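Below: one structure, written as structure tokens.
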Amino acid sequence: MNVIAGLLLLFILLSVLILGKTSLYALSGLFLNILLFFVFIRSLQGIAIYSVTLGYILLNALITLFYVNGWNAKTKAAFLSLLLFLILLTVVFVPLIQKLSISGFSSYELEELAALDLNVPQSFAKLSVAVILIGVSGALIDGSMAIASATHEIYRQGESFRTLFFSSMTVVKNILNSTINTLLFAFISSGLALVFFYQDLKIPWYEMLNSKAFVFEFAVIILSSISVVFVLPFTAAVTCYAVTKRKAG
Amino acid sequence: MNRKTLIGLIAFIICLLSSFAIQNFSAPLYPQALAKVEQVEIQGDKQVVKARKINGGDRGEKIELSAKYRQNELDATVLHKGDQVFYSNRQVGEKKRDGFVFFLLIFLFLILVFIGGKVGLTAFISVILNSGALFLIVDLYRHHTQFSLLLFMAVYAVLSIGITLFLIDGIRKNSLQKFLATTLTVFTAYLICWSVITLFSDKGLRFEDMGVLTRPYRPVFLAGLLIGAVGASLDTVITVISTLEEIRSKDPQLTIKELIRSGRAVGKDISATMMNVLICSYFSSAIPMIMIYLHNGWAFGQVMNMQLSLEMVRILCGGFGILLSIPFSLLFFQLNFRKEGRQ
């Protein structure tokens, strides 16, 4: 047994304790998602990087929303918002990311790879777009689901669209801040080594601002935040519409 | 078009123009040499670049530079006409990206304020403060290495939870219950991970995949683990408690039992999608490295084991934070509810 097996065992135990019956779906959904990631990596060895990535994002959303949380108004609203934003994302973000030229590794990261053959057939420019899109999609699914779920709990019989949307927007504003900070902390968590690197080598801030490794992390945080800010009010509106219409009709 | 949209549009255009100006005219402010690419020719594994100097005393002079070329852009940036690049000894270094960086930041600011209003503004401020505090604490630690890095990061964790929460709704009783719930969750989640890692004496962890590092691996990884847990816990606690407060303000007659039931429902709904955020962001960042090893004929399982072991621990630590947030939020909400009931 090693660290990961130990942690995994504890995690399963804690899920069953806290989530009760729902843990069955939550846990199996998570393992399906991890499995899906492995299948995704396998398929990436082909060349059609963008199509494979899009497929991965859609399947990931299907599992996370419909398999784990069931086929209902909440998940349908969340999925609808995701679809719309995926289109927007691809149209706006892909050219922007390509313009930034943040693909691949910087010279100091390459030292550990010196012994390897670097003529990999995949384009690393496309791979970095894929990395960013996947990161953003996770945040999008989560943001939509949180709003859809909260709106459902807030709804009381016979309420009008207007008042429900108003309440739902209160939650949106509450969540906005914490969601953006969650993204920030997730990247600090893996980017801490980079912060030490810049400070230990005394690289001045204006040089850091232009360097590939920094701009990549920066772009992921900012682009994810921008998409979340757009998607939250949209999901609120869709859910409120669906809930009030269904119950009234 | 209403007034708000008009102001938003004008602000967007100003932001676009100023980013454009920074990207194109900030070169003289840099102490390093910069040049603008005029022509690129690919010769084998090299790009021969004809460029014009855009800063320094001999500005405007022509210069020939060379840069690495690789078709997959793994370790080389393919240059185009109009790109601005840093160079030294006739070798191209990094591309100039400051205008784009400025644009991303200011665009986030604009839409946060446009959609979230005052709350959006505080969200932006808290992101800036949290990042600034990180650089400050890391700098402080570098000058006081006799203390452990973990101690500094624990202070940072509490500080950033405080910054984020108190900026959202000021120092009120509500934010105090969120603060206590988050802090308790983060440290419990971290303690669980730390005990398991220590119990199995790092078996199965591949620290060498952390990449560039100017410091010992283990403390930096553990410190990162703690900060990752802050994000996941904070989000769950805020979602659960905010929803409960909203429900209660609409229907003050509800009993604590009904409220707890709603809180559990929201917690169950979001925990799986929150875990998915962690999977998406941590696993995806390993993709480029995985591709290189797979191309070099390493076995699939071996590569996954090597590249994803640390990411998996980060995901699970965040997962503990998410799970524990639910009972802890409900506990503090209940305590607060009882106290208010007595008054």
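Fair warning: this is a prediction, and the values are worked out from it, not measured in the lab. First the proteins, then the strands, lettered A, B, ... as listed; each starts at 1.
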What part of A:Glu159 gets within 4.5 angstrom of chain B, counting heavy atoms only: side chain, backbone, both, or neither?
side chain

Interface moiety of B:Gln71 toward chain A, non-hydrogen atoms closer than 4.5 Å
neither

Out of A:Thr22, A:Ile132, A:Ile180, A:Ile41, which one racks up the most heavy-atom pairs below 4.5 Å with chain B?
A:Ile41

Side chain / backbone / both / neither for A:Tyr206 at chain B, heavy atoms under 4.5 Å:
both

Taking every non-hydrogen pair under 4.5 Å, which of A:Leu44, A:Leu96, A:Leu232, A:Leu17 racks up the most with chain B?
A:Leu44

Is chain B contacted by the side chain of A:Phe11, its backbone, both, or neither, given a heavy-atom distance below 4.5 Å?
both

Under 4.5 Å from any heavy atom of chain A - which part of B:Met274:
both

Under 4.5 Å from any heavy atom of chain A, what part of B:Lys96 do you find: side chain, backbone, both or neither?
both

Measuring heavy-atom distances to chain A, does B:Leu205 have an atom under 4.5 Å in its side chain, in its backbone, in both, or in neither?
side chain

Chain A contacts, top residue of B:Met153, B:Met304, B:His295 (heavy-atom pairs, under 4.5 Å):
B:His295

Using non-hydrogen atoms only, which part of A:Phe38 is less than 4.5 Å away from chain B: side chain, backbone, both, or neither?
both

Under 6.0 Å between ring centres, would you say that holds for B:Tyr217 and B:Phe221?
no

Output the option from A:Leu176, A:Thr179, A:Val68 having the highest count of non-hydrogen pairs under 4.5 Å with chain B.
A:Thr179

Within a 6.0 Å radius of atom OH on A:Tyr25, are there more than 12 heavy atoms belonging to other residues, nucleotides or ligands?
no

Say whether A:Tyr155 and A:Ser167, considering side chains only, have a donor N or O and an acceptor N or O under 3.5 Å apart.
no

Can you say whether A:Ile63 sits under 4.5 Å from chain B via the side chain, the backbone, both, or neither, judging by heavy atoms?
neither

Is chain B contacted by the side chain of A:Leu223, its backbone, both, or neither, given a heavy-atom distance below 4.5 Å?
side chain

Examine whether an atom of A:Phe187 lies under 4.5 Å from a heavy atom of chain B, and if so say whether it belongs to the side chain, the backbone or both; otherwise answer neither.
side chain

With side-chain hydrogen bond (donor to acceptor under 3.5 Å, both in side chains) as the criterion, how do A:Asn60 and A:Ser137 come out once you've worked through the C-alpha distance, each side chain's angles and the decisive distance to 0.1 Å?
CA-CA 9 Å; A:Asn60 179 270; A:Ser137 78; 5.2 Å; no

Can you say whether B:Glu246 sits under 4.5 Å from chain A via the side chain, the backbone, both, or neither, judging by heavy atoms?
side chain

Turns out that what part of B:Ile111 lies under 4.5 Å from chain A's heavy atoms comes down to both

Under 4.5 Å from a heavy atom of chain B, the part of A:Lys126 involved
neither

Using non-hydrogen atoms and a 4.5 Å limit, figure out which bit of B:Leu149 sits close to chain A: side chain, backbone, both or neither.
side chain

What part of B:Leu134 gets within 4.5 angstrom of chain A, counting heavy atoms only: side chain, backbone, both, or neither?
side chain

Any salt bridge between B:Arg70 and B:Asp45, counting N to O under 4.0 Å?
no

Interface moiety of B:Ile315 toward chain A, non-hydrogen atoms closer than 4.5 Å
neither

So which part of A:Ala219 gets closer than 4.5 Å to some heavy atom of chain B, the side chain, the backbone, both or neither?
both

Using non-hydrogen atoms and a 4.5 Å limit, figure out which bit of A:Asn69 sits close to chain B: side chain, backbone, both or neither.
side chain

Applying a strict 4.5 Å limit to non-hydrogen atoms, the region of B:Ile290 in contact with chain A is side chain

Apply side chain to side chain contact (heavy atoms under 4.5 Å, CB included) to residues B:Arg314 and B:Leu278 and explain how you reach the verdict.
CA-CA 8 Å; B:Arg314 288 190 179 119; B:Leu278 302 180; over 6 Å; no

A:Asn33 versus chain B, the contacting section by heavy-atom distance below 4.5 Å
side chain

What part of A:Val215 lies closer than 4.5 angstrom to a heavy atom of chain B: side chain, backbone, both or neither?
side chain

Winner by heavy-atom pair count (cut-off under 4.5 Å) against chain B, out of A:Thr75, A:Ile141, A:Leu209, A:Ile188:
A:Ile188

In terms of heavy-atom pairs under 4.5 Å with chain A, the winner among B:Ile287, B:Thr198, B:Val313 is B:Ile287

With distance as the sole criterion, is a donor-acceptor pair present between the side chains of B:Asn130 and A:Asn181 under 3.5 Å?
yes

Pair B:Asp98, B:Tyr30 - check side-chain hydrogen bond (donor to acceptor under 3.5 Å, both in side chains), show working.
CA-CA 11 Å; B:Asp98 51 2; B:Tyr30 284 91; 2.8 Å; yes

Could you go through the side chain to side chain contact (heavy atoms under 4.5 Å, CB included) check for B:Thr236 and B:Ser271 one step at a time?
CA-CA 8 Å; B:Thr236 321; B:Ser271 55; 5.9 Å; no

Quick one: which of A:Asn119, A:Leu65, A:Leu140 has the most heavy-atom pairs under 4.5 Å with chain B, could you say?
A:Asn119

Between A:Ile226 and chain B, with a heavy-atom cut-off of 4.5 Å, which part of the residue counts as in contact: side chain, backbone, both or neither?
both

So what's closer than 4.5 Å to chain A heavy atoms on B:Phe135: side chain, backbone, both or neither?
both

Under a 4.5 Å heavy-atom cut-off, does chain A meet the side chain of B:Leu226, its backbone, both or neither?
neither

Considering only heavy atoms, which portion of B:Ile326 lies under 4.5 Å from any heavy atom of chain A: side chain, backbone, both, or neither?
side chain

With a 4.5 angstrom heavy-atom cut-off, which part of A:Leu184 approaches chain B: side chain, backbone, both or neither?
side chain

Please state whether the side chain, the backbone, both or neither of B:Cys317 comes within less than 4.5 Å of a heavy atom of chain A.
neither

